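To keep things clear, I will list the structure first and then write my remarks on it.
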2 protein chains.
Amino acid sequence: MAGKSYGQFCGLARALDVVGDRWNLLIVRELLIGPARFGQLRVGLPSIATNLLADRLKDLEGHGVIERRLAEDGNAIAYALTPWGQQLQEAIDALIRWSTPVMRYGRRADSFDPRWLVPALHALLADRRTSTPVTLVVLVDGIHIQVAVDGDGPHVQVLDEPPDGAAVLRATPETALALAAGAITPEHAAAVSDNPADQVAIHTVFGPSFTRSE
Amino acid sequence: MAGKSYGQFCGLARALDVVGDRWNLLIVRELLIGPARFGQLRVGLPSIATNLLADRLKDLEGHGVIERRLAEDGNAIAYALTPWGQQLQEAIDALIRWSTPVMRYGRRADSFDPRWLVPALHALLADRRTSTPVTLVVLVDGIHIQVAVDGDGPHVQVLDEPPDGAAVLRATPETALALAAGAITPEHAAAVSDNPADQVAIHTVFGPSFTRSE
DNA sequence: CCGCATCCTCATGGATACTG
DNA sequence: CAGTATCCATGAGGATGCGG
């Protein structure tokens with residue numbers, strides 16, 4: 001059921017023994033966005049075979065990376081990361097940052113789920129700090145993604161319903177990524193917004209990467 | 001030859017399209033220690049099939065992660081990381097740090113190469129900074145590993161020949177890892193050394209993890 | 001020896017049908 | 001909806017061959 005161990009007394013090899021099998025880190029990515037049920041995982045992992053998803057979930061649970069819970073609606077099962085599993089965010093962030101050269105090629109024929117911007121924005125904005133908290137909502141493909149930056153760093157989450165009164169930046173996936181990666185300037189992106197208040201949030205979140213005091 | 005793409009417009013998925021196949025990150029780990037020839041890679045990757053190693057090297061070269069060079073001795077081929085490939089260190093560091101819970105089980109029946117302590121020590125000491133540079137040599141299984149910490153962080157490398165005059169800590173693999181991970185105190189390790197000068201270096205390198213000014 | 005290429009076997013992944 | 005069972009395609013693992 002599980003992949004074969006490398007049999008090496010090495011941290012990297014042992015980490016890969018746990019999460020190195022195909023699909024495993026993508027499942028963790030999905031659960032990093034939030035707890036999910038089997039069917040929801042299938043949506044975020046189009047093209048995974050159901051038997052593989054079931055196998056991987058068992059493996060990850062057995063290794064202590066994820067756990068089964070009761071879903072909010074009572075009797076169904078939901079999967080969620082354990083504290084140890086959540087600590088994979090640092091590694092996933094690093095891999096996402098490393099991938100920026102191959103993301104510049106654009107979407108091509110790949111599938112896309114706007115919720116994937118959650119880990120991406122977190123990774124690319126990981127070093128952001130602000131003394132006064134700032135919130136910006138990025139609207140991509142009809143999904144509202146809230147990016148809040150404070151003294152602890154960025155906090156990114158999907159909003160279930162459109163916010164009112166918040167600064168909103170409507171963007172394509174490519175634009176949102178390029179902005180977070182610093183490949184295009186906030187000035188360029190801000191042009192698409194008409195609200196002056198939005199401009200401040202856009203510049204604060206996506207501005208130069210050194211620590212900002214304001 | 002190469003594994004199948006996930007077909008997702010997501011940084012993590014694209015990163016895994018490049019380095020997610022079995023053995024790939026372990027090959028990068030070996031090259032992070034230093035450029036190596038085919039045969040040297042086989043030593044650091046016991047149990048890899050030679051055709052797989054050849055395949056993976058082609059894949060990684062094709063993706064721009066590694067490159068073929070002329071070895072030092074002239075006409076042979078050596079493999080080395082490209083600048084982009086070197087940037088995988090951040091991700092590998094994160095995976096190594098994440099693996100500490102599964103490293104505490106000890107070596108068991110796994111194979112071991114003391115050179116694997118190079119990425120491990122780098123990962124576990126990554127946040128160390130000192131205003132005045134400190135150098136400590138860790139001797140494990142007859143291999144001398146130099147750990148130099150300065151204002152830029154730790155610099156870890158294998159020494160080809162024993163140093164003279166430097167502080168040396170003789171340790172088992174488990175002890176070296178536990179020390180770097182903060183699982184045991186420098187006092188405990190320092191007991192194995194008899195040289196008072198060594199004690200300073202041991203405490204500076206392996207002491208509490210907050211930034212040290214001295 | 002080193003750096004692969006070829007062949008063969010079998011475990012794993014992938015697609016689809018099926019069941020509680 | 002949440003998986004399990006089945007079957008086929010593919011890639012890993014291991015042995016061996018072979019030119020430089």
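Residue numbers start from 1 in every chain, and the chains themselves are labelled A, B, ... in the order their sequence lines are given, proteins ahead of strands. Computed from a predicted structure; not experimentally measured.
- Here the closest heavy-atom approach between residue B:Phe9 and residue A:Glu174 is recorded as CZ-CG, 4.1 Å.
- In this entry the distance linking CG of A:Leu70 with P of D:dC1 reads 18 Å, nearest Å.
- Rounded to whole Å, the distance from CG on B:Leu45 to C1' on C:dG3 is 15 Å.
- Look at A:Lys4 and you won't find any side-chain N or O under 4.0 angstrom from OP1 or OP2 of C:dG13.
- Atoms CZ (B:Phe38) and C1' (C:dG3) sit 6 Å apart, rounded to a whole Å.
- In terms of phosphate contacts, A:Arg56 brings a side-chain nitrogen or oxygen within less than 4.0 Å of OP1 or OP2 of C:dG13.
- B:Leu52 places its CG atom 17 Å from the P atom of C:dC7, with the value rounded to the nearest Å.
- Here B:Ile77 lies in heavy-atom contact (under 4.0 Å) with sugar-phosphate atoms only.
- For A:Asn51 against D:dT6, a side-chain N or O and a base N or O form a donor-acceptor pair under 3.5 Å.
- Annotated stems with DNA chain D as a participant read C:1-19 with D:2-20, given as range with range, by first number; only runs of 3 or more Watson-Crick or G-U pairs under 3.5 Å qualify.
- Across all strands shown, A:Arg37 has heavy atoms under 4.0 Å from sugar-phosphate atoms exclusively, and none from any base.
- Within the nucleic acid shown, A:Arg68 comes within 4.0 Å of sugar-phosphate atoms alone, with no base atom in reach, counting heavy atoms only.
- Between A:Arg22 and B:Tyr6, some side-chain heavy-atom pair lies under the 4.5 Å cut-off.
- When the side-chain nitrogen and oxygen atoms of B:Tyr79 are compared with OP1 and OP2 of C:dC2, none of them lie within a distance under 4.0 Å.
- Between B:Leu16 atom CG and C:dG13 atom P there is a gap of 14 Å when expressed in whole angstrom units.
- Remark: B:Arg128 is not positioned above the aromatic ring of B:Phe206, lacking an NZ or CZ atom under 6.0 angstrom from the ring centre and at most 45 degrees off the axis.
- In this structure, the CG atom of A:Leu26 is 15 Å from the C1' atom of C:dG14, given to the nearest Å.
- Side-chain contact between B:Gln157 and B:Val118: absent, with no pair of heavy atoms (C-beta onward) separated by less than 4.5 Å.
- For A:Arg42 and B:Ala49, each mapped to the nucleotide of DNA chain D holding its nearest heavy atom, the one lying further toward the 5' end belongs to A:Arg42.
- Taking atom CD of A:Glu61 as the reference point, atom C1' of D:dG3 lies 14 Å away to the nearest angstrom.
- Atoms CD1 (A:Ile48) and P (C:dG14) sit 8 Å apart, rounded to a whole Å.
- Taking only distance into account, the side chain of A:Thr50 never meets the base of D:dA2 through a donor-acceptor pair shorter than 3.5 Å.
- A 4.5 Å side-chain heavy-atom check between B:Val137 and B:Ile145 finds every atom pair outside the cut-off.
- Few gaps surround CZ on A:Arg97; more than 12 heavy atoms of other groups in view lie less than 6.0 Å from it.
- The heavy-atom pair separating A:Arg29 from A:Pro119 by the smallest distance is CG-CG, 3.8 Å.
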